[in-house]
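Beneath this line is the structure, given in structure tokens, with notes to follow.
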There are 2 protein chains.
Amino acid sequence: MTPQGWEEIRAEVLRRIHARDWAPGALIPTEEALAQEFGCARATVNRALRELAETGVLERRRKAGTRVALSPPRRATLDIPVTRLEVEGRGQAYGFHLLEQRLREAPAPVTSRLGLAPGLELLQLKTLHLADGRPFLLEDRWLNPAVLPDPAPDFAAISANEWLVGHVPYTTGDIAFSAASASAEEAEVLGLAEGAALFIVERSTWERDLPVTTVRLAYAPGYRLRTVV
Amino acid sequence: MTPQGWEEIRAEVLRRIHARDWAPGALIPTEEALAQEFGCARATVNRALRELAETGVLERRRKAGTRVALSPPRRATLDIPVTRLEVEGRGQAYGFHLLEQRLREAPAPVTSRLGLAPGLELLQLKTLHLADGRPFLLEDRWLNPAVLPDPAPDFAAISANEWLVGHVPYTTGDIAFSAASASAEEAEVLGLAEGAALFIVERSTWERDLPVTTVRLAYAPGYRLRTVV
DNA sequence: GGATTTAATATGTCTGCACATAATAAACCC
DNA sequence: GGGTTTATTATGTGCAGACATATTAAATCC
């Protein structure tokens with residue numbers, strides 16, 4: 001039974017790779033040869049192989065052909081939800097408190113991360129997110145006032161996190177994950193012992209070339225970020 | 001100047017979304033209309049819009065048409081390299097020590113994670129990875145002996161991590177990231193104070209339906225996992 | 001022999017067309 | 001009116017053919 005449709009072709013190619021019919025590092029037949037074998041157009045094979053190359057299973061080069069990747073770069077995609085949805089997705093009640101909000105001169109690490117002139121005034125927001133009334137996440141955000149509308153939103157009523165998703169949606173940025181010990185301030189706010197291990201997410205985002213925000217999220221112990229490969 | 005090629009079309013569509021020509025939630029013109037506007041075939045527009053839908057910027061449904069996503073792409077892809085390449089990529093010298101290797105009855109959390117019968121014997125490997133001679137990562141791995149060849153590889157000469165990538169490459173699995181305080185044992189091996197905040201990666205992998213391995217990676221402080229959105 | 005030009009080739013992309021499919025809107029019936 | 005059937009329509013996928021492009025291998029020159 002020959003595969004029909006590009007998805008079945010993709011599955012068949014993957015099967016042959018798993019079965020070691022095509023060993024890691026080996027060249028596989030050309031698109032034309034596979035198209036003939038499967039009785040379809042080259043474009044259909046191209047679609048299947050292209051998708052596999054995108055996930056890192058195959059490596060393709062013009063003229064050189066297609067080969068099975070030697071060390072498949074384990075590539076994972078992870079979804080980063082809005083905090084409210086993340087909490088509610090666990091079946092817990094969401095809430096938050098705005099701890100602090102002030103416009104002040106941003107420290108050098110913040111401005112350099114965003115590529116802004118040092119000494120610029122940014123809006124700093126500290127927000128504690130709650131799950132079932134218990135501390136879940138401490139958000140320390142620096143926001144570029146240039147992205148705010150004239151009557152600035154009330155961040156005590158809508159969290160900065162959520163406001164940004166709704167109003168400055170199509171951003172690019174970078175993310176870093178790490179671990180850190182809770183400072184005295186973090187420990188107190190999160191209700192932990194000083195030095196407790198926190199999961200840290202740091203994000204900086206731009207809208208086109210305009211710096212929007214940089215944020216440090218400190219998750220209370222027990223938090224796990226999951227994904228499937 | 002009309003865009004040429006599907007990549008330029010993708011860029012132009014993205015530009016219009018950023019510029020709010022097409023607002024979040026709004027319908028955009030049909031493929032046919034855009035093809036006419038850009039002077040290309042519908043397939044070319046289709047390719048561009050499909051890519052944008054894959055990254056979560058657009059939402060497409062047959063008959064209903066294509067609309068700008070309301071709550072967009074909090075989606076990141078991250079590459080998970082082999083530890084050796086990760087260390088070398090920072091310009092540091094890589095090394096590792098096999099601390100412990102023994103075949104023993106796996107504890108229940110391990111077997112249940114892999115979907116194996118409780119009490120099964122698995123190979124436990126504890127490996128310390130070094131960067132410039134200093135502790136970088138503590139690997140605690142449980143390996144299904146069924147995936148090993150008859151003369152088992154010498155995991156003191158090649159790290160389990162690297163052997164698996166080369167010999168059981170095309171696996172599926174799940175990954176979780178979290179933070180934890182160093183246990184007494186971890187602190188000693190990594191040369192840290194007890195309770196130091198460690199970045200934890202837990203992975204379980206299968207080859208087709210065969211459980212291969214589950215591993216806990218404890219990174220020394222200072223490690224950051226980065227990605228770009 | 002070594003460097004440079006030229007030819008060969010697999011993938012990348014595009015076109016124009018066709019039909020399939022899913023989801024909606026319209027028509028219909030009771 | 002309410003529920004069911006029947007068009008309608010935008011996207012999804014397919015085809016054959018064409019040309020572009022990157023890269024390798026062969027041919028050429030000094």
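For residues 21-35 of chain A, proximity to DNA chain C is found at A:T30, A:E31, defined as any non-hydrogen atom under 4.0 angstrom from a strand atom. The stretch residues 12-19 of chain B does not touch DNA chain D, since none of its heavy atoms comes less than 4.0 Å from the strand.
Among the nucleotides D:dG14, C:dG12, C:dC14, the one closest to any side-chain atom of A:N46 is C:dG12.
Counting any heavy atom pair closer than 4.0 Å across all strands shown, B:A43 reaches a base atom.
Applying the 4.0 Å criterion to OP1 and OP2 of D:dT11, one finds that B:T66 has a side-chain N or O inside that range. Residue B:T44 places no side-chain N or O under 4.0 Å from the OP1 or OP2 atom of C:dT13. Listed pair B:R47 / C:dC14 fails the phosphate criterion, with no side-chain N or O lying under 4.0 Å from OP1 or OP2.
Donor-acceptor pairing under 3.5 Å is lacking for the side chains of B:E207 and A:H18.
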Under 3.5 Å, which protein N or O atoms sit close to an N or O of nucleotides 24-28 of chain C? Give each pair with its distance.
| from | atom 1 | to | atom 2 | distance (Å) |
| --- | --- | --- | --- | --- |
| C:dT24 | OP1 | B:R61 | NH2 | 2.1 |

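Side-chain contact between A:R67 and A:I28 is absent, with no heavy-atom pair separated by less than 4.5 Å. Side-chain contact between A:E86 and A:Y223 is present, with heavy atoms from C-beta onward closer than 4.5 Å.
Under a 4.0 Å N-O distance rule, the pair B:E31/B:R60 qualifies as a salt bridge. A salt bridge links A:R224 and B:E202; the closest N-O separation between the charged side-chain nitrogens and carboxylate oxygens is under 4.0 Å.
Exactly one residue among B:Y94, B:F96, B:F199, B:Y219 makes a ring pair (Phe, Tyr, Trp, His ring centres under 6.0 Å) with B:F136. That residue is B:Y219.
Residue B:F38 contributes atom CZ, which lies 12 Å from atom P of C:dT15 at whole-angstrom precision. Nucleotide D:dT11 holds its P atom 14 Å from the CD atom of B:E59, rounded to whole Å. Distance CD (A:Q4) to P (C:dA20): 13 Å, rounded to an integer number of Å.
Rounding to the nearest 0.5 Å places CG of B:D21 at 10.0 Å from CD1 of B:I17.
A:R42 contributes a side-chain N or O that forms a donor-acceptor pair with the base of C:dG12 under 3.5 Å.
Between B:R16 and B:E37, the closest heavy-atom pair is NH2-OE2, 2.6 Å.
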